[in-house]
K.L.:
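What follows is a structure written as structure tokens; I'll ask about it next.
For ligands, and for the atoms within them, numbers begin at 1 and follow the listed sequence. Because the structure is predicted, anything quoted here is derived from the model rather than measured. All values below come from the heavy atoms of this structure, side chains included, with hydrogens, waters and symmetry mates left out.
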Amino acid sequence: MERFPIVEVTAEPELEPYWSAAREGRLVLARCSVCGATPWMPRPFCSTHPRAVVEWIETGGRATIYSWTTVMKGEGVFKDSSPYVLAVVELEDGPRILTNVVTGDDEHLCIGQPVSAVFDHRAAGGSILRFITDDARTGTPLAGAQHGN
Ligand SMILES: [Zn+2]
């Protein structure tokens with residue numbers, strides 16, 4: 001996780017259930033009570049059913065790699081983080097998420113490879129969701145996520 005920069009995060013008040021769970025190392029999604037959609041990023045409304053109730057559901061945090069690339073030359077705050085993995089992962093519980101993958105071996109990643117949600121708690125404003133490969137994980141998914149301060 002130290003490979004990645006400590007970025008500034010603004011936790012939107014309307015997404016407090018998401019940010020609160022993230023601080024505890026849990027991944028939750030907003031699910032529309034009418035159509036069951038679970039968009040990423042979470043939002044407190046459904047774009048198809050704006051009057052529907054949105055419920056916050058806990059996920060298992062398990063996903064598979066849908067697509068990925070290794071960024072060899074990072075930009076901005078990621079300038080000193082390269083090489084690093086930028087990926088789209090498909091959550092078992094729903095959406096695809098653009099994210100970073102923490103891996104022990106960038107060269108042997110593959111599409112369909114299982115990964116688990118992990119949170120980087122170093123930022124002051126909120127915990128950053130990333131995913132980690134099984135071989136790079138030292139603890140259990142989510143509950144074993146790094147806890148800062
Ligand atoms: Zn809906």
K.L.:
Same cluster or not: Ile128 versus Met41, using hydrophobic residues (I, L, V, M, F, W, Y) connected whenever any side-chain heavy atoms lie under 4.5 Å apart?
P.N.:
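Result: yes, single cluster for both.
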
K.L.:
Minimum heavy-atom separation for Val101 and Ala87, please, with both atom names.
P.N.:
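Closest heavy-atom pair between Val101 and Ala87: CG2-CB, 3.7 Å.
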
K.L.:
Applying ring pair (Phe, Tyr, Trp, His ring centres under 6.0 Å), which residue pairs with at least one partner in residues 36-78 are found, sequence neighbours left out?
P.N.:
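Those involving residues 36-78 are Tyr18-Trp40, Phe78-Tyr84.
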
K.L.:
Go through it in stages, so that I can follow the logic: the residues are Asp120 and Arg3, the test is salt bridge (Lys or Arg N to Asp or Glu O under 4.0 Å), and I'd like the CA-CA distance, side-chain angles, deciding distance and then a yes or no.
P.N.:
CA-CA 11 Å; Asp120 184 345; Arg3 165 186 258 177; over 6 Å; no

K.L.:
How many angstroms lie between CZ in Arg130 and CD1 in Ile97, if you round to the nearest 0.5 Å?
P.N.:
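Rounded to the nearest 0.5 Å, the CZ-CD1 separation comes to 13.5 Å.
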
K.L.:
Find the distance between CD (Glu58) and CG (Asp93) and round it off to the nearest 0.5 Å.
P.N.:
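Reported value, rounded in 0.5 Å steps: 9.5 Å.
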
K.L.:
May I ask you to list the protein N, O or S atoms found at less than 2.8 Å from the Zn ion (ligand 1)?
P.N.:
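Less than 2.8 Å away from the Zn ion (ligand 1) sit Cys32 SG, Cys35 SG, Cys46 SG, His49 ND1.
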
